[in-house]
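Okay, structure first, notes after.
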Amino acid sequence: MPEYDVMIIGSGTAGQTAAYRLRDAGFKIGLVEHSPQPGGTCALRGCQAKKYFYEGAETVARSRHMENIGIKTPAQGDWGQLLNAKNKFTQKVPENTVTRLEEKGIDFIRGHARFTGEKSLSVEGTNYTMTNAIVAAGAAPASLPIPGMELALDSQSFLELEKLPRRILFVGGGFISFEFAHFAARLGPSGSSCVILEAGPRPLGPFDEEMVALLTEASAPENITVHCQVEVTGIEKIGSEKMRVHTADNGVFDTDIVVHGAGRSPAIDDLDLENADVTYSKKGISVDRFMTTSNPRIYAVGDCADTIQLARVADAEAGAAAQNIQKRRSGMAASATVAYSSVPSLLFTYPQYGMVGETENKLEEKAISYRKNQNMRLEWPTYKRVGLTSAAYKILVGDQGQILGAHILSDNASGMIQTFSLAMKNNISVHKLHEQCILAPYPSRESDLTYMLNSFVPGN
Ligand SMILES: Cc1cc2nc3c(=O)[nH]c(=O)nc-3n(C[C@H](O)[C@H](O)[C@H](O)COP(=O)(O)OP(=O)(O)OC[C@H]3O[C@@H](n4cnc5c(N)ncnc54)[C@H](O)[C@@H]3O)c2cc1C
Ligand SMILES: NC(=O)c1ccc[n+]([C@@H]2O[C@H](COP(=O)([O-])OP(=O)(O)OC[C@H]3O[C@@H](n4cnc5c(N)ncnc54)[C@H](O)[C@@H]3O)[C@@H](O)[C@H]2O)c1
């Protein structure tokens, strides 16, 4: 029976990160992948793939905003060209993934992995034993009990469309729907419209309510309409090219395509986790802060763990699990953890919305006292120059000057929010951050951070 120090399930970003780290530390690694296209969600059908469309959409949006303030003819997107560019990148991913793993001396095992015991698993009839295992099986679109849901495209199929139709309806008002609607508004045929149907009282639940309201408002002129507290009861095909969506309040929405944007569930149903004594819930495999499952030899990382579904979180978790396995081999206690509270989230809309830390509602719920500085309609030269009328920020600071949360609606919010994330992770107070931001390259989005912090610092 083949034997490994560590068996890893999944060749996505989490599985690969763990495999490389542990191989470098001298472990014998088997990495199992059941998809004929190894490489995982981020590269093939997630962050990296969608970024091609984001870059196009941002260029179009920016040039449209600048029409009459220096740009004569706004840019026009070409979905087909962006699709080709994306495909050129994604086509190489599966082969490159396997080649790189094998060049490192990692055994790449094709097939579906299932646990057969606490220290064993089987792949297509072959049994393997291992000292440790890392489950990095990812997530898949949540299955929704809506009649006709099989007619909806998932995010992967959306990113493979040859061309965009004029009308798109998204079920769910989260990351995917907002980002894709913003791409379609800039890259779709003229007169395009997007409808987002959200079950909850508001879209983008984990983000700040007021900031989301502003993003929703900024989306309206792009023909992106959001309806909340909607229960989708059925989807049907009308003729060969149209779809009709029914809602519980007798609403009817006609559209060209329906897209699933209603969440992704951990892909753990067919792993036979019970055989390995690994506990889990609908939210994913239960892990402690060292990424250990209920079986101390088995770790879970990335989208299949009940933590946060983001690519770099997956990598950080994989890195922590790899370090803790090394410690275990040396007879030392686990110590590597992930600093979840300073993980930034970014919506690739235009403008982008970046946040880190708490929202104002959460602070109130937790009865944590805070001071805030906010401006919900920035009219700084930065934004006048690019014709952006919907830029905003909200900074939340605790009694000791510690940053509790930051929310930025802007172009390049990604860069700005990372500054706040670093400050939070390294316990840099608002005063120190203010001092450092004064020295940021000027004038830039980053040097504007000083203005966001001024009111927290006496004498400003
Ligand atoms: C459209 C979209 C856009 C996104 N954009 C962003 C973004 O901008 N920024 C960001 O941070 N995150 C983004 N994400 C999330 C990000 O892609 C994921 O958090 C990340 O890819 C998770 O990586 P992972 O390694 O955990 O899982 P995956 O990459 O999904 O890898 C899991 C692998 O395990 C394999 N597998 C599963 N079960 C088995 C089994 N039993 N046997 C063998 N193999 C198995 C699967 O085939 C898959 O290859 C996006 C996601 C989507 C869908
Ligand atoms: N920029 C990024 O970092 C990025 C981009 C895309 C995806 N992602 C990751 O992928 C995950 C999945 O994205 P997502 O957009 O599918 O999920 P999401 O969790 O962001 O949003 C899903 C939304 O759908 C709603 N919903 C659930 N069931 C519904 C129903 N039956 N009808 C109507 N609404 C319903 C939920 O209330 C929620 O608001 C995200 O949580 C995120 O972690 C990240």
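Numbering of residues begins at 1 and proceeds along the displayed sequence. Remember, it's 1-based here, ligands and their atoms both numbered in the order they're listed.
Each of the atoms 1 (N), 5 (C) of ligand 2 lies under 4.0 Å from some heavy atom of K50. Proximity to G173 (heavy-atom distance under 4.0 Å) selects the following atoms of ligand 2: 23 (C), 24 (O), 39 (O). Atoms of ligand 2 lying under 4.0 Å from at least one heavy atom of G261, given by number and element, are 15 (O), 16 (O), 22 (C), 23 (C), 24 (O). If you number the atoms of ligand 2 from 1 as listed, the ones under 4.0 Å from a heavy atom of R264 come out as 12 (C). Residue V171 approaches ligand 2 through these ligand atoms, each under 4.0 Å from one of its heavy atoms: 32 (N), 33 (C). Heavy-atom proximity to L197, at under 4.0 Å, picks out these atoms of ligand 2: 33 (C), 34 (N). Applying the 4.0 Å criterion to heavy atoms of F348 picks out, from ligand 2, the atoms 1 (N). Short contacts between ligand 2 and I176, defined as distances under 4.0 Å to a heavy atom of the residue, involve ligand atoms 6 (C), 7 (C), 13 (O), 14 (P), 15 (O), 16 (O).
Between H112 and H34, the two ring planes are parallel [angle under 30°; tilted spans 30° to 60°].
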Quick check for students: name every N or O atom pair between ligand 1 and the protein closer than 3.5 Å, with distances.
unit_1: ligand 1; atom_1: 5 (N); unit_2: K50; atom_2: NZ; d: 2.9
unit_1: ligand 1; atom_1: 8 (O); unit_2: K50; atom_2: NZ; d: 2.5
unit_1: ligand 1; atom_1: 11 (O); unit_2: A311; atom_2: N; d: 2.9
unit_1: ligand 1; atom_1: 12 (N); unit_2: A311; atom_2: N; d: 3.4
unit_1: ligand 1; atom_1: 19 (O); unit_2: D303; atom_2: OD1; d: 2.8
unit_1: ligand 1; atom_1: 19 (O); unit_2: D303; atom_2: OD2; d: 3.3
unit_1: ligand 1; atom_1: 19 (O); unit_2: L310; atom_2: N; d: 3.4
unit_1: ligand 1; atom_1: 19 (O); unit_2: A311; atom_2: N; d: 3.4
unit_1: ligand 1; atom_1: 21 (O); unit_2: C42; atom_2: N; d: 3.2
unit_1: ligand 1; atom_1: 25 (O); unit_2: T13; atom_2: N; d: 3.2
unit_1: ligand 1; atom_1: 25 (O); unit_2: A14; atom_2: N; d: 3.0
unit_1: ligand 1; atom_1: 26 (O); unit_2: D303; atom_2: N; d: 2.9
unit_1: ligand 1; atom_1: 29 (O); unit_2: T41; atom_2: N; d: 2.8
unit_1: ligand 1; atom_1: 30 (O); unit_2: T41; atom_2: OG1; d: 2.6
unit_1: ligand 1; atom_1: 36 (N); unit_2: H34; atom_2: NE2; d: 3.4
unit_1: ligand 1; atom_1: 41 (N); unit_2: H112; atom_2: ND1; d: 3.3
unit_1: ligand 1; atom_1: 41 (N); unit_2: A113; atom_2: O; d: 3.2
unit_1: ligand 1; atom_1: 42 (N); unit_2: A113; atom_2: N; d: 3.0
unit_1: ligand 1; atom_1: 44 (N); unit_2: H34; atom_2: N; d: 3.1
unit_1: ligand 1; atom_1: 47 (O); unit_2: E33; atom_2: OE2; d: 2.6
unit_1: ligand 1; atom_1: 47 (O); unit_2: H34; atom_2: NE2; d: 3.3
unit_1: ligand 1; atom_1: 49 (O); unit_2: E33; atom_2: OE1; d: 2.7
unit_1: ligand 1; atom_1: 49 (O); unit_2: E33; atom_2: OE2; d: 3.2

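Among the atoms of L346, some N or O lies under 3.5 angstrom from an N or O of ligand 2.
Between K394 and E360 a salt bridge is recorded (basic side-chain N to carboxylate O distance below 4.0 Å). Look at D5 and K28 and you find no salt bridge, because none of the NZ, NE, NH1 or NH2 atoms lies under 4.0 Å from a carboxylate O. Classification of K362 and E365 as a salt-bridged pair holds, one side-chain N sitting under 4.0 Å from a carboxylate O. Using a cut-off of 4.0 Å between Lys/Arg side-chain N and Asp/Glu carboxylate O, R21 and D24 are scored as not salt-bridged. Of the charged side-chain nitrogens involved, none lies within less than 4.0 Å of a carboxylate oxygen, so that R167 and D254 do not count as a salt-bridged pair.
Looking at E231 against ligand 2, nothing comes within 4.0 Å, counting heavy atoms. At a heavy-atom distance under 4.0 Å, only side-chain atoms of E179, from C-beta outward, approach ligand 2. At a heavy-atom distance under 4.0 Å, no atom of I308 approaches ligand 2.
F253 has its ring centre less than 6.0 Å from the ring centre of H227. Remark: aromatic rings of W79 and F158 are close, center separation under 6.0 Å. Between F207 and F175, the distance from one ring center to the other falls under 6.0 angstrom.
Nearest protein heavy-atom contact of atom 19 (O) of ligand 2 is G263 CA, 4.2 Å. Counting protein heavy atoms only, atom 9 (C) of ligand 2 is closest to Q309 O, 3.4 Å. Of all protein heavy atoms, the one closest to atom 28 (N) of ligand 2 is A262 CB, 3.7 Å. Summary of contacts: the protein heavy atom closest to atom 39 (O) of ligand 2 is E198 OE1, 2.7 Å. In terms of protein heavy-atom proximity, atom 3 (O) of ligand 2 is nearest to L310 CD2, 3.2 Å. The protein atom (non-hydrogen) at minimum distance from atom 31 (N) of ligand 2 is I146 CD1, 4.0 Å. Distance from atom 21 (O) of ligand 2 to its nearest protein heavy atom, with residue and atom name: G174 CA, 3.2 Å. Among all protein heavy atoms, the one lying closest to atom 34 (N) of ligand 2 is A199 N, 3.1 Å.
Relative to atom 40 (C) of ligand 2, the option among F175, Y353, Y54 with the closest non-hydrogen atom is F175.
Every salt bridge (Lys or Arg N to Asp or Glu O under 4.0 Å) that K51 has, sequence neighbours left out, goes to E55.
The shortest side-chain heavy-atom distance between E317 and T17 does not fall under the 4.5 Å cut-off. Using a 4.5 Å cut-off on side-chain heavy atoms (C-beta onward), R114 and D270 make contact.
Atom CD of E150 is surrounded by more than 12 heavy atoms from other residues, nucleotides or ligands within 6.0 Å.
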For this session: Show your working on side-chain hydrogen bond (donor to acceptor under 3.5 Å, both in side chains) between D249 and T247 and close with a plain yes or no.
Result: CA-CA 6 Å; D249 56 358; T247 63; 2.5 Å; yes
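For the pair H260 and I176, the tightest heavy-atom approach, listed with the atom from each and the gap, is O-CG2, 4.4 Å.
Of the possible donor and acceptor atoms, none in the side chain of R45 sits under 3.5 Å from a partner among the backbone N and O of A49.
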